[in-house]
Amino acid sequence: MIVEAYKIEIKGLVQGVGFRPFIYKLAKRHSIRGNVENNNEGVLVQAEGNRNHLQQFIKAMKAEAPVASKIAAINIKVEPITGFENFSILPSHSYSNEITEVSPDIAVCDDCLEDMKSQPHRIDYPFTNCTHCGPRFSIIKVLPYDRHNTTMAPFKMCDTCHSEYTDVPDRRFHAQPVACNHCGPRYSLHLSNGEILDDFETILKKVVRLLDGGKILAMKGLGGFHLSCNAFNEDTIRLLRLKKNREGKPLAVMFANVETVRNYLHVNTEEEKLLQSWRRPIVLLREKKPMPFSVSNGLNTVGAMLPYMPFHYQLFEKLRTPALVMTSGNLSGEPVIIDNEKAVEKFAGIADDVLTYNREIYNRLDDSVCMVVNGKERVIRRSRAYVPASITLSHNTEGLFAAGAELVNCFAVGKGNKVLLSQYIGDLKNPETLDFYTESFQRFRHLFRFKPSLAAADLHPDYFSTKFAMETGMPIELIQHHHAHIASCMAEHNLDEKVIGVSFDGTGLGTDGKIWGGEFLICDLIDFERPFHFENILQPGGDLTIRQPWRMAVSSLYHYFGEDFLRKMQGELFPYVEQEAFDMVLIMLKNRINCPETSSAGRLFDAVSALTGVCTEASYHAEAPMRLESVAAENVRDSYPFTIQEDQISFKPMFSGLIDDLENGKSSSVISAKFHNTVVTVVEKIVEKLSVTTGLKKVILSGGSFQNKILLKNTEILLRKKGFEVYSQEQVPSNDGGIALGQLAIAARRRETGKSIKY
Ligand code: ZN
Ligand code: ZN
Ligand code: FE
């Protein structure tokens, strides 16, 4: 028998996820002696034993790692034999500044659900958790991740919990939020008449009765409050929308289990895996059997998720309805509410009753949103269970702060060679959201011991994020919006070279002062060229066009075919626009009053969505493009023609064909499909052209428009068929929530090479 000794270094997200007890158990199983401890970079194992056993030990480490852990690397060094007699867990000593990994929150595990039925002190206990599951980022204030540094601090462990907490082989060994019926947090239900219930059994029964009975409830979740009601009660959902300030956006739905999801929605293998993963995100799925209209307000998809807190499971065990609307508990445009008192006050006019619990939420988190395209997970809103997992770059990121964009804001900080993206913050134009932004920045600084020394921000001087970065007094690197989108995708895939970037979105300031958004770039992580872009069109009324997409339809027709044509077609194409408003827009266009020029892809989608009558007025961000995508017919291969004039792509022939189709009575479904095919073909043709002139083969697709499933799916497939290496965003949003990563990557590369760029 050959005895060997190894020093095994495991890097990645291996702290706060039950890794040391896991290693301990593995060591026992494989007769390994030595010890395990946390260090700055992860976990360090001293292991001695039979060579075969050591091999199996290491193999099992990778194969059986706790669900929420993420092993980035395992480094093994042969060491002289020490002669350990047993295997032990060493206590963690103080952390240096380098530590960056904090575990995201983890959905309750099956073992804990089982414990709630069998462990005497945890029968029906709704805050049951263990080292494999439970709250993490939402409750942590400072590092190291120890109970007294979390919002569990006020709860004194009972003797039973304490013995589990200190018992090495126990699943709750060093589970910081460990709790039971005797010592942990508790729910209370605030009724509209001012009465407060605090007996859990009574609360659960009451909540079930209220929800099944068509009431609206505010319920405290893991990262913030939800507004909830029966997802099969059209009247209640409509009332919820009305009370929540005429909310138009699709509402997320929590289903009792995956079988129920399958009854109503199309779910493929990857989607099912994602739904059931420990992150339990909202997954966008196509409708199979109709849900009430007001759930998605006419879109053909539903944002579905599965229970992730013990209480969710307890609810569905008793509820008659198999699905609940679970939408963010916020007031229009504001961040989701996390504070109990504020919830009781602010939800008074919206919810019938408010369910709270007495553990504080420290870091606010929305539910994350994903979809699956071409077999890959695509994160659209990155928050609960994803944040603050880091992204590793091959550049030094230390001290870099990236301020992000404006509408779908998220910021980023650099530590070592890692990037920590903040949770989804929201629209900074809202003062409460801006407060959330500044507060989160301070919290990230504090938590990750981050000392900012260089800021990266969007070129747009009016973005609150740019202003914030300026006000910090740090040196600042301004970065063009669409360049940042491409860089974000490059950073995600660890690319650092010249590439062809296709950056499609709604709005971003260009270096010529115009609004960009349909951009073909040749770029690297330092600078970019813009060889092609969509033709500039006037945007009458500026941002008002986003809410009134018909303005873009009028503007496009005016641009391509002139006033006489537009007047002739007015009655047929714009019967819903009042004469006065129509004339006003024409006057604006003719005299170029409040008419910025834009090459935006989003505005092109707006124009087509309005022309086809699919969406003429939008009540929420990107509604017109979303509806256009939703109606697109499958199996239509036709597309419209377009032309390339110097560096601009002109859609004049497309609009001409589109109007013919409308006059010939073609359905909006067919027209939408043909339009999507046209955009895909434009990408194909331009990319081919650029590849010929530059020799480049790598194509990056990013920007909010690639949240369009049809566009992303078909573009990827077609470009790959043509032999291109195509990269698109997966773990980081392609919308403006991914901008900060791109800004940070560019700033890192510019700093490294000493090439600061001024536009
Ligand atoms: Zn658990
Ligand atoms: Zn206890
Ligand atoms: Fe953008």
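Remember, it's 1-based here, ligands and their atoms both numbered in the order they're listed. Numbers for residues simply follow the sequence, beginning at 1. Keep in mind it's a predicted model, so treat the numbers as computed, not measured.
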What about F401 and F441, are their ring centers closer than 6.0 Å?
yes
H482/F520 aromatic ring centres below 6.0 Å
no
Checking R186 against F200: charged group under 6.0 Å from the ring centre and within 45 degrees of the axis?
no
Centroid-centroid under 6.0 Å between H174 and Y165 rings
yes
If the Fe ion (ligand 3) is the vertex, what is the angle to NE2 of H481 and NE2 of H485, rounded to 10 degrees?
100°
Take a 6.0 Å sphere around NZ of K429 and say whether it holds more than 12 heavy atoms from other residues, nucleotides or ligands.
yes
Determine, for Y620 and K249, whether the Lys NZ or Arg CZ falls below 6.0 Å from the six-membered ring centre while staying within 45 degrees of the axis.
no
How wide is the angle at the Fe ion (ligand 3) between OD1 of D736 and OD2 of D505, to the nearest 10°?
170°
Could you enumerate the protein N, O or S atoms under 2.8 Å from the Zn ion (ligand 1), written like residue then atom name?
C109 SG, C112 SG, C130 SG, C133 SG
In the protein, how many N/O/S atoms are under 2.8 Å from the Zn ion (ligand 2)?
4
Could you tell me whether K25 atom NZ has more than 12 heavy atoms of other residues or ligands within 6.0 Å of it?
yes
Around H460, counting heavy atoms of other residues, nucleotides and ligands shown, do more than 12 lie under 6.0 Å from its NE2?
yes
Between H132 and D111, do the side chains contain a donor N or O and an acceptor N or O under 3.5 Å apart?
no
Test I139 against every option in M152, E360, Q176, R147 by the side-chain contact (heavy atoms from CB on, under 4.5 Å) rule and name the one that passes.
M152
